[in-house]
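Shown next, in structure tokens, is the structure this report addresses.
Since the structure is predicted, the reported quantities are computational estimates derived from the model, not experimental observations.
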Amino acid sequence: MKQEKLINMRKTRGYSQVYMAQQAAMEQTTYSKKEIGKSNITDAEWNKFAKVLNVPLEEIKDLDRSLAMKNKNWDFNNNEAGIQYINMPENVFDIIMKYNGRLEEENEHLRQEILSLKQGTNTIFVSNLVE
């Protein structure tokens, strides 16, 4: 996702990508990829950019457009426990959470059905989940 607020503030201040990259201790090409959304921007980097631009974080980071999720079970370097950040639009996150809720309801229904079968009752559960 292109970081429009960051780009606009940088241009308003008259700063080049080279200057921003130098202040954040990165290459200009790396900074450019972050601005156009090809590379993720970490929280620490967001804070550096806000400090360089002398603005509150909310003025350069659009907090409503995407969510960053942590996946603590993956590390690209050695396949051991680590953290991976995934950016996704909020509506996609909402869909995933809704589907997750439906799966949890179905799991609970199945647990009750298994318990009923183990107890030898003849109760049949009818799912009220709508597809």
Exercise. Closest heavy-atom contact between A50 and P56?
Worked result: CB-C, 4.5 Å
Problem set entry | Beyond-backbone contact of I60 with Q3, side-chain heavy atoms, under 4.5 angstrom | no
For this session: Say whether V52 and L57 are linked into one hydrophobic cluster, either directly or through other cluster members, by side-chain heavy-atom distances under 4.5 angstrom.
Result: yes
Seminar exercise, completed: For E108, the salt bridge (Lys or Arg N to Asp or Glu O under 4.0 Å) test, sequence neighbours excluded, returns R111
Exercise. Same cluster for I96 and F93 if Ile/Leu/Val/Met/Phe/Trp/Tyr side chains link at under 4.5 Å?
Worked result: yes
Problem set entry | Between N100 and E104, a side-chain donor and acceptor under 3.5 Å | yes
Exercise. How many angstroms lie between atom CG of N8 and atom CZ of R13, to the nearest 0.5 angstrom?
Worked result: 12.0 Å
For this session: Please tell me if the side chains of L53 and L6 come closer than 4.5 Å, counting only heavy atoms from C-beta onward.
Result: yes
Exercise. Is the count of non-hydrogen atoms from other residues, nucleotides or ligands lying under 6.0 Å from E27 atom CD greater than 12?
Worked result: no
Exercise. Which value, rounded to the nearest 0.5 Å, describes the distance between K38 atom NZ and K2 atom NZ?
Worked result: 11.5 Å
For this session: Identify, with sequence neighbours excluded, every residue that meets side chain to side chain donor-acceptor pair (under 3.5 Å) alongside E35.
Result: R10, Q17, Y31
Problem set entry | Other cluster members, I7 - Ile/Leu/Val/Met/Phe/Trp/Tyr, side-chain contacts below 4.5 Å | none
Problem set entry | Fellow cluster residues of I36, listed by chain then number, with links counted only when side-chain atoms sit under 4.5 Å apart | none
Exercise. Is H109 close to E105 at the side-chain level, that is, under 4.5 Å between some pair of heavy atoms?
Worked result: no
Problem set entry | Listed partners of S39 passing side chain to side chain contact (heavy atoms under 4.5 Å, CB included), at least two apart | K33, K34
Exercise. Any salt bridge between K61 and D43, counting N to O under 4.0 Å?
Worked result: yes
Exercise. Can you list the residues that meet the side chain to side chain donor-acceptor pair (under 3.5 Å) rule with N107, with sequence neighbours excluded?
Worked result: none
For this session: Find the distance between CD (E59) and CG (N54) and round it off to the nearest 0.5 Å.
Result: 9.5 Å
For this session: State the NZ-CD distance between K48 and Q23, to the nearest 0.5 angstrom.
Result: 10.5 Å
Exercise. What residue pairs, at least two apart or across chains, pass ring pair (Phe, Tyr, Trp, His ring centres under 6.0 Å) with a residue in residues 4-23?
Worked result: Y15-Y19
